[in-house]
Amino acid sequence: MLPAAFNQLETTALAKLLIGKSLFRKIGKTTLSGRIVETEAYLPSGDSACHAAAKRTPRNEVMFSFGGVAYVYAIHAKHCFNIVSESEGLGCAVLIRAAEPISGIEEMKANRETDSIYNLLSGPGKLCQAMKIDRSLNGKDLSKPNGVWIEDDGSKVDASRIKVTNRIGVTSAAELPLRFVLANSEFASGPKYMR
DNA sequence: CCCCAGATTGTCT
DNA sequence: GACAATCTGGGGA
């Protein structure tokens with residue numbers, strides 16, 4: 001399991017380093033996991049697309065806690081899973097957008113009501129549905145036994161294999177190059193030219 | 001309360 | 001490639 005300090009890195013650095021790490025989710029006796037292939041950074045300043053950019057509200061409150069807690073919010077009737085970054089009081093996070101299914105694939109297929117492994121974790125809302133991530137995990141510490149955590153399997157991802165693009169879906173600060181995706185991954189969201 | 005934008009997804013052409 | 005479905009949070013009345 002990754003130490004809490006890992007998540008307190010600068011937000012764009014963390015977003016890049018999370019590529020290739022594994023996201024785990026334990027529900028009862030079932031363990032679900034996937035290798036992260038796509039992330040986006042939401043910065044503590046100068047980023048109007050960041051939920052914490054305007055002011056503290058009940059929704060974005062956990063973004064202001066220390067790096068390493070989960071920030072889960074609902075949008076368009078779906079959930080999105082983020083890891084709060086940096087230090088307490090700043091208001092920033094990394095959105096986990098897509099992952100390659102590793103374990104618990106049959107359970108995730110059932111949760112998503114699909115047979116395709118390419119349609120399980122290939123988007124932020126899909127990933128949350130497949131792994132049963134919802135607001136009950138909001139504010140949970142990923143370095144404690146809360147049923148959701150990140151592991152490093154030791155495999156290195158060379159920086160040259162990470163492609164940088166603008167973020168997907170945001171309407172403000174749309175030009176910022178803050179999306180990171182494993183080059184040529186079949187498990188990323190969006191069309192192939194963005195991989 | 002009411003209104004509506006939004007870090008999405010699935011379906012249809 | 002276009003667009004509707006879906007629903008919550010936050011701002012305004």
Side-chain angles (χ1 to χ4, degrees), chain A residues 7 10-16 18-19 23 34 36-65 67 69-86 90-101 108-139 142 148 150 162-182 185-195:
Chain A
N7 294 311
E10 188 278 327
T11 307
T12 55
L14 176 62
K16 281 184 232 178
L18 282 170
I19 301 291
L23 171 63
I36 297 169
V37 298
E38 182 180 347
T39 62
E40 283 179 359
Y42 287 84
L43 307 182
S45 62
D47 182 4
S48 56
C50 180
H51 284 172
K55 55 183 267 194
R56 276 169 103 128
T57 67
R59 179 177 70 151
N60 65 29
E61 181 60 30
V62 307
M63 289 188 83
F64 292 92
S65 50
V69 305
Y71 169 47
V72 183
Y73 65 90
I75 189 155
H76 293 291
K78 317 254 182 323
H79 292 285
C80 290
F81 175 73
N82 302 250
I83 299 174
V84 175
S85 54
E86 305 193 36
L90 292 181
C92 44
V94 174
L95 170 68
I96 308 301
R97 285 193 58 89
E100 171 185 350
M108 293 195 288
K109 283 181 177 176
N111 293 342
R112 286 275 302 136
E113 298 184 318
T114 178
D115 284 329
S116 168
I117 60 169
Y118 301 105
N119 202 21
L120 296 182
L121 305 176
S122 54
K126 297 178 185 180
L127 183 148
C128 286
Q129 186 182 18
M131 291 195 163
K132 292 197 169 177
I133 291 171
D134 61 27
R135 290 297 301 277
S136 69
L137 296 176
N138 192 39
L142 300 181
V148 58
I150 307 287
I162 299 177
K163 183 170 180 176
V164 183
T165 77
N166 56 305
R167 293 174 293 189
I168 293 180
V170 295
T171 51
S172 64
E175 75 290 355
L176 297 182
L178 294 175
R179 171 174 175 263
F180 306 95
V181 54
L182 186 63
S185 174
E186 293 296 312
F187 299 96
S189 74
K192 287 201 167 157
Y193 68 84
M194 302 215 37
R195 291 176 185 166

Under-4.0 Å side-chain N/O to phosphate OP1/OP2 contact, [X] with [N]:
X        : N     : answer
A:Arg97  : B:dT8 : yes
A:Arg135 : C:dG9 : yes
A:Thr171 : B:dG6 : yes

Inset, instruction - Could you pick out which residue, A:Asn60 or A:Ala77, lies toward the 5' side of DNA chain C when each is mapped onto its nearest nucleotide? - result: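 So the residue in question is A:Ala77.
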Inset, instruction - Indicate, with a heavy-atom threshold strictly under 4.0 Å, whether A:Arg59 touches base, sugar-phosphate, or nothing. - result: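 Sugar-phosphate, backbone atoms only, no base.
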Inset, instruction - With heavy atoms under 4.0 Å as the rule, sort A:Arg56 into base, sugar-phosphate or nothing. - result: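 Nothing: the residue A:Arg56, judged by heavy atoms under 4.0 Å, touches no strand.
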[X] has an atom [atom1]; how far is it from atom [atom2] of [N], in whole Å?
X        : N     : atom1 : atom2 : answer
A:Leu121 : B:dT8 : CG    : C1'   : 15 Å
A:Asp134 : B:dT8 : CG    : P     : 18 Å
A:His76  : B:dC4 : NE2   : C1'   : 11 Å
A:Met63  : C:dG9 : CE    : P     : 16 Å
A:Asp47  : B:dA7 : CG    : C1'   : 10 Å
A:Ile75  : C:dA5 : CD1   : P     : 18 Å
A:Ile133 : B:dT8 : CD1   : C1'   : 15 Å
A:Tyr118 : B:dT9 : OH    : P     : 19 Å

Inset, instruction - Count the heavy atoms belonging to other residues, nucleotides or ligands that lie under 6.0 Å from NZ of A:Lys109, then report whether that count exceeds 12. - result: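 More than 12 within 6.0 Å, yes.
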Legend entry - Out of C:dG10, B:dT9, B:dG6, whichever nucleotide has its closest atom nearest the side chain of A:Lys78: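 Side chain of A:Lys78 sits closest to B:dT9.
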Legend entry - Selection from B:dG6, B:dA7, C:dG10 that lies nearest to any side-chain heavy atom of A:Leu95: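 Closest nucleotide to the A:Leu95 side chain: B:dA7.
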Inset, instruction - Could you tell me whether A:Arg167 sits above the aromatic face of A:Tyr42, with NZ or CZ closer than 6.0 angstrom to the six-membered ring centre and within 45 degrees of the axis? - result: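 Flagged: A:Arg167 positioned over aromatic ring of A:Tyr42.
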Legend entry - Ring-face cation of A:Arg135 near A:Tyr73 (centre distance under 6.0 Å, axis angle within 45°):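 Not satisfied by the 6.0 Å and 45° rule.
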Legend entry - Stacking of A:Tyr73 on B:dA7 base (centres under 5.5 Å, planes under 30°):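 Not stacked: fails the 5.5 Å / 30° test.
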Legend entry - OG-CD distance between A:Ser185 and A:Glu38, expressed to the nearest 0.5 angstrom: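 Taking OG in A:Ser185 and CD in A:Glu38, the distance rounds to 8.5 Å.
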Inset, instruction - Give none if B:dT9 has no partner; otherwise give the nucleotide forming a Watson-Crick or G-U wobble pair with it, both distances under 3.5 Å. - result: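 Across all strands, the one nucleotide that pairs with B:dT9 is C:dA4.
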Legend entry - Check: B:dA7 base within 3.5 Å donor-acceptor of A:His51 side chain: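 Flag set: donor-acceptor pair detected.
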Inset, instruction - Using the six-membered ring wherever Trp is involved, compare the ring planes of A:Tyr118 and A:Phe187 and label them parallel, tilted or perpendicular (cut-offs 30° and 60°). - result: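 Aromatic pair A:Tyr118/A:Phe187 classed parallel.
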